[in-house]
Amino acid sequence: MPLPTDPKQCWPPAHNDVWLDKYREHSAWYSSSPQRLLDYYSSSIYNNMPNGHIWARDTRERIAIAVHMPLAADLAKVSADLLFSEPPDFLIPEAQGDKAATKWKNTQKVFNKLIEDAGVVNRLLEGAETCSAMGGVYMRPVWDKKVAPHPILDIVQPDAAIPEFSWGYLTAVTFWRIVCEEKRDNNDKERSIWRHLERHELGTDGNGLILHGLYKGTLDKLGVLQTLDSQAATVGLEPAIDTKMPGLCAYYIPNMLPNRLDSAASIGTSDYYGLEGLFA
């Protein structure tokens with residue numbers, strides 16, 4: 001399936017609204033920012049409650065003197081520390097034992113150096129913390145010879161991904177980001193939004209395929225596909241990359257399953273789910 005071609009395509013797609021709203025709520029708690037909590041709850045459905053949400057009722061003057069206990073952020077940190085209290089070992093089976101061939105032992109040394117140089121352990125700890133808060137996290141290898149001579153393990157948050165699952169397995173995912181915003185006459189409705197979409201899917205041969213697209217649209221519409229050299233952030237990217245390896249070049253790690261909002265969904269549940277009222 002290629003990248004979107006309809007200029008009127010809603011973005012993010014409407015079917016993700018429920019999840020995106022939860023990501024915004026849990027991200028606000030994870031941030032430990034009273035301002036972000038006020039912004040979220042004063043503009044959400046919670047503000048329509050009979051007495052309003054406690055954070056929706058708070059004025060900016062009260063926020064200035066409020067003392068916020070960052071319990072949510074501490075919960076995510078403890079969860080990550082429990083998972084990676086000790087760094088994991090990355091072992092090549094053929095390289096283990098006294099009788100292992102020299103070539104495999106050398107390969108293990110090179111692999112260990114790569115893991116260290118790429119900061120994989122730190123990235124796993126980072127991913128585990130936000131996975132706890134957001135309910136899941138994506139990981140992908142990226143490569144940029146201007147930055148490092150080796151691949152880099154990149155963490156992508158779930159609010160920047162549109163996943164596709166089949167029988168609980170990730171079969172495709174589209175990562176996206178805003179690379180530029182252009183205002184005209186200070187009118188938000190006339191603002192142009194440039195988005196970079198990176199789609200991971202399987203080719204007809206079963207190998208991983210990465211597609212890059214740059215779109216110029218509006219706040220809620222994807223817009224028209226542009227050439228990748230139209231923005232500095234996407235210059236040099238190839239429109240299509242065959243990884244020449246079986247499977248996707250991206251991986252989704254759910255925090256907990258089943259999802260309590262939708263038991264049939266393959267999207268993980270945040271450690272915060274059901275605790276938002278206690279946090280407040």
Side-chain angles (χ1 to χ4, degrees), residues 1-17 19-21 23-24 27 39 118-119 123 126-127 130 134 137-164 170-205 207-245 247-252:
M1 179 179 178
L3 289 166
T5 56
D6 183 3
K8 297 182 179 180
Q9 164 77 54
C10 292
W11 204 268
H15 70 268
N16 266 39
D17 285 352
W19 307 117
L20 288 174
D21 182 67
Y23 294 149
R24 283 191 288 267
S27 178
D39 291 343
R123 290 300 175 98
E126 172 191 342
T130 55
M134 303 288 278
V137 72
Y138 294 85
M139 292 187 176
R140 62 178 176 180
V142 297
W143 49 94
D144 186 343
K145 292 182 178 180
K146 295 179 181 178
V147 176
H150 52 72
I152 302 169
L153 181 61
D154 186 42
I155 305 296
V156 184
Q157 302 305 329
D159 55 354
I162 309 297
E164 297 171 30
L170 184 70
T171 55
V173 60
T174 301
F175 300 125
W176 65 280
R177 58 178 176 145
I178 294 176
V179 297
C180 182
E181 298 185 31
E182 298 176 351
K183 291 184 179 180
R184 288 185 290 177
D185 300 326
N186 295 320
N187 187 341
D188 279 349
K189 293 183 178 179
E190 297 295 327
R191 182 165 42 171
S192 294
I193 307 294
W194 290 75
R195 297 179 178 89
H196 168 220
L197 271 58
E198 177 183 317
R199 179 175 172 81
H200 291 249
E201 62 179 34
L202 294 178
T204 55
D205 56 1
N207 287 345
L209 185 63
I210 303 175
L211 306 174
H212 290 284
L214 180 66
Y215 296 81
K216 184 180 181 181
T218 61
L219 284 172
D220 60 350
K221 294 292 188 295
L222 185 59
V224 179
L225 186 65
Q226 310 288 324
T227 59
L228 289 169
D229 60 1
S230 299
Q231 288 289 333
T234 52
V235 169
L237 292 178
E238 296 290 336
I241 301 172
D242 183 351
T243 66
K244 302 188 184 302
M245 295 181 64
L248 295 179
C249 199
Y251 194 74
Y252 175 66

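Keep in mind it's a predicted model, so treat the numbers as computed, not measured.
- Summarising the geometry, atom CZ belonging to R24 is positioned 10.0 Å from atom CE belonging to M134; distances are rounded to the nearest 0.5 Å.
- Residues satisfying the side-chain contact (heavy atoms from CB on, under 4.5 Å) test with A148, not counting sequence neighbours, are H150, I152.
- Put simply, CD1 on I193 and CD on E181 are 4.0 Å apart, with the number rounded to the nearest 0.5 Å.
- The shortest distance between side-chain heavy atoms of K221 and C10 falls below 4.5 Å.
- Shown here for M139 and G127, the closest heavy-atom pair between the two residues is CE-CA, 4.4 Å.
- We find the CG-CZ distance between L197 and R199 to be 9.5 Å, quoted to the nearest 0.5 Å.
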For a side-chain contact (heavy atoms from CB on, under 4.5 Å) check, start with the C-alpha distance between Y138 and V173, then their side-chain angles and the critical distance, and finish with the verdict.
CA-CA 10 Å; Y138 294 85; V173 60; 3.8 Å; yes
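- Screening residues 3-15 for side chain to side chain donor-acceptor pair (under 3.5 Å) gives no qualifying pairs among residues at least two apart or on separate chains.
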With side-chain contact (heavy atoms from CB on, under 4.5 Å) as the test, would you mind laying out the steps for L214 and V179 before giving the verdict?
CA-CA 9 Å; L214 180 66; V179 297; 3.9 Å; yes
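- You'll find the ring centres of F175 and H200 inside the 6.0 Å limit.
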With a 3.5 Å cut-off and sequence neighbours excluded, list the donor-acceptor pairs that the side chains of residues 237-244 form with protein atoms.
unit_1: D242; atom_1: OD1; unit_2: K244; atom_2: N; d: 2.8
unit_1: T243; atom_1: OG1; unit_2: G208; atom_2: N; d: 3.3
unit_1: T243; atom_1: OG1; unit_2: G208; atom_2: O; d: 3.1
unit_1: T243; atom_1: OG1; unit_2: M245; atom_2: N; d: 3.4
unit_1: T243; atom_1: OG1; unit_2: M245; atom_2: O; d: 3.4

Begin from the C-alpha positions of L170 and L248 and carry the test side-chain contact (heavy atoms from CB on, under 4.5 Å) through to its verdict.
CA-CA 8 Å; L170 184 70; L248 295 179; 4.0 Å; yes
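- Looking at heavy atoms from C-beta onward, E198 lies out of side-chain contact with L211 at the 4.5 angstrom threshold.
- Here the SG-CG distance, from C249 to L202, works out to 11.5 Å after rounding to the nearest 0.5 Å.
- T171 contributes a side-chain N or O that, together with a main-chain N or O of E164, makes up a donor-acceptor pair within less than 3.5 Å.
- Pairing each heavy atom of L222 with each of P4, the nearest pair is CD2-CB, 3.6 Å.
- Residues meeting the salt bridge (Lys or Arg N to Asp or Glu O under 4.0 Å) test with R195, sequence neighbours left out: none.
- Remark: D154 pairs with R140 by the salt bridge (Lys or Arg N to Asp or Glu O under 4.0 Å) rule, at least two apart or across chains.
- I155 approaches R123 most closely through the heavy-atom pair CD1-O, 3.6 Å.
- A161 and P163 make their closest contact through O-CD, 3.5 Å (heavy atoms, listed as atom of the first residue, atom of the second, distance).
- Between P13 and I162, the shortest heavy-atom contact is CD-CD1, 3.7 Å.
- Between the OG1 atom of T174 and the CD atom of E201 there is a distance of 8.0 Å, given to the nearest 0.5 Å.
- Residues passing the side-chain contact (heavy atoms from CB on, under 4.5 Å) test with C180, sequence neighbours excluded: E182, W194, Q231.
- Side-chain atoms of W19 and P158, non-hydrogen and from C-beta on, never get closer than 4.5 Å to each other.
- Pairing each heavy atom of P151 with each of A118, the nearest pair is O-CB, 3.8 Å.
- Here the OH-CD distance, from Y215 to Q226, works out to 10.5 Å after rounding to the nearest 0.5 Å.
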